[in-house]
Amino acid sequence: MNSLDLMMASVACIGECMVELRQAQGGHSAGQSAGQSAGQGGGLYSRGFGGDTLNTAVYLARLEVKVDYFTALGDDALSDEMIAAWNAESIGTRRVVRLPGKLPGLYMIQTDAKGERQFFHWRDSAAARQLMSLPETDELLNSLMSYDIVYLSAITLSIYDAPGRERLLAAIKRARLLGTRFVFDTNFRARGWPDRDVAREAFAAAFATADIVLTSTEDLLALYPGESRDQLMARIPSPELVFRLAEPVSLLRFPGGTSEVRAEPMTKPVVDTTAAGDSFAAAYIAARLAGSEPVEAAQAGHRLASLVICYPGAIIPGYAMPPKKRHRPAATRQATK
Ligand SMILES: Nc1ncnc2c1ncn2[C@@H]1O[C@H](COP(=O)(O)OP(=O)(O)O)[C@@H](O)[C@H]1O
Ligand SMILES: O=C(O)C(=O)C[C@H](O)[C@H](O)COP(=O)(O)O
């Protein structure tokens with residue numbers, strides 16, 4: 001680690017970014033050809049990029065946190081565009097492996113009148129799935145110990161096979177011994193898992209290793225149907241836990257206390273809730289790295305998420321970001337005892 005790394009808090013985000021297709025504004029009517037009804041779902045689509053951990057990386061970078069993205073891409077033009085877009089967002093791309101002949105995955109967002117989204121994914125053969133079984137994997141995993149925080153989600157875990165997940169968690173455990181903190185977000189996509197039992201096992205292993213877990217009733221009830229809030233929270237032994245309810249309210253548990261943080265009422269219409277949780281995670285992590293307590297960090301999380309859902313797609317225009325605030329200096333990292 002060089003002196004710059006020591007001076008600036010840094011985050012390793014691990015996962016998959018896909019090509020994103022979302023309905024263009026006015027796309028329904030403008031794009032329909034003769035004989036095609038609205039019910040056939042035609043229309044114009046805008047192309048962007050997104051993926052839960054990449055969304056978090058973009059928002060972290062916009063909040064002036066030093067962040068590297070860990071993934072694999074192809075050697076195609078779409079992969080080139082992604083790298084260029086990430087560089088333009090000041091996301092570090094030195095940990096991106098390029099795989100000849102492979103392509104990134106793709107997903108489409110459909111939103112209803114309330115802005116609630118539904119995703120359709122084409123990701124089974126995406127380059128990112130190979131990240132844990134490449135000649136470069138050891139070097140990438142060894143580098144995790146040079147970051148203050150490793151951030152990944154349950155979607156990240158779902159794109160690797162069981163040995164890949166074990167290899168990743170083992171590397172995170174080694175990094176934690178040197179003071180790296182592990183933040184796990186429970187973003188759940190049922191279709192990414194062969195069955196719920198495999199998912200539950202992977203979640204339990206991540207819960208047991210994480211320093212901070214960011215979760216929601218929506219994610220956990222899908223895995224543990226019918227359980228009460230207390231039962232769900234009791235499944236997570238991490239010292240710091242942010243449990244988002246639908247209301248929207250966050251329940252916080254941290255060393256020395258618990259708290260409840262309510263989001264401010266929305267003042268603008270919700271357009272698309274994609275990346276609400278991802279942007280919440282970025283603002284929460286950025287605030288914690290800057291020395292804020294969990295309550296203040298959750299307030300920042302709700303604030304950014306409330307803004308992100310007023311725009312279509314995962315990544316809002318840069319001009320729509322809130323004005324930058326001056327942060328307190330980052331807490332120094334400490335090795336795990
Ligand atoms: N429909 C909504 N109305 C108001 N705020 C919302 C809405 N959806 C999301 N949010 C805000 O975004 C945060 C994260 O939303 P959540 O649904 O937990 O994320 P996700 O499902 O994307 O993981 C909420 O805690 C809240 O602050
Ligand atoms: O990564 C995936 O599988 C995706 O579907 C890409 C989406 O942009 C995010 O997952 C949105 O994440 P939320 O914060 O839950 O809205």
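Quick note: residue numbers are just sequence positions, from 1. First listed ligand is number 1; within each ligand, the first listed atom is number 1.
Residue contacts with ligand 2: Arg117 is included, with a non-hydrogen atom under 4.0 Å away. In this structure, Arg117 is part of the shell of residues with a heavy atom less than 4.0 angstrom from ligand 1.
For atom 2 (C) of ligand 2, the closest heavy atom belonging to the protein is Met18 CE, 3.5 Å. Nearest protein heavy-atom contact of atom 7 (C) of ligand 2 is Tyr107 OH, 3.5 Å. If you check which protein heavy atom lies closest to atom 4 (C) of ligand 2, you get His121 NE2, 3.5 Å. With hydrogens left out, the protein atom closest to atom 11 (C) of ligand 2 is Asp278 OD2, 3.2 Å, a heavy atom. The protein atom (non-hydrogen) at minimum distance from atom 21 (O) of ligand 1 is Glu218 OE1, 3.2 Å. Residue, atom and distance of the protein heavy atom nearest to atom 3 (O) of ligand 2 are Arg123 NH1, 2.9 Å.
With hydrogens and angles left out, the side-chain atoms of Tyr69 and Thr53 include a donor and acceptor closer than 3.5 Å.
Residue Ile155 touches ligand 2 through its side chain alone, judged by heavy-atom distances below 4.0 Å.
Polar contact check, Gly277 against ligand 2: a nitrogen or oxygen pair lies under 3.5 Å apart. On a distance-only criterion, Glu16 and ligand 2 share no N/O pair closer than 3.5 Å.
Set against the non-hydrogen atoms of Pro248, the atoms of ligand 1 under 4.0 Å away are 5 (N), 24 (C), 25 (O), 26 (C).
Judged by distance alone, with hydrogens and angles left aside, the side-chain atoms of Thr186 form no donor-acceptor pair with the main-chain N or O of Asp219 at under 3.5 Å.
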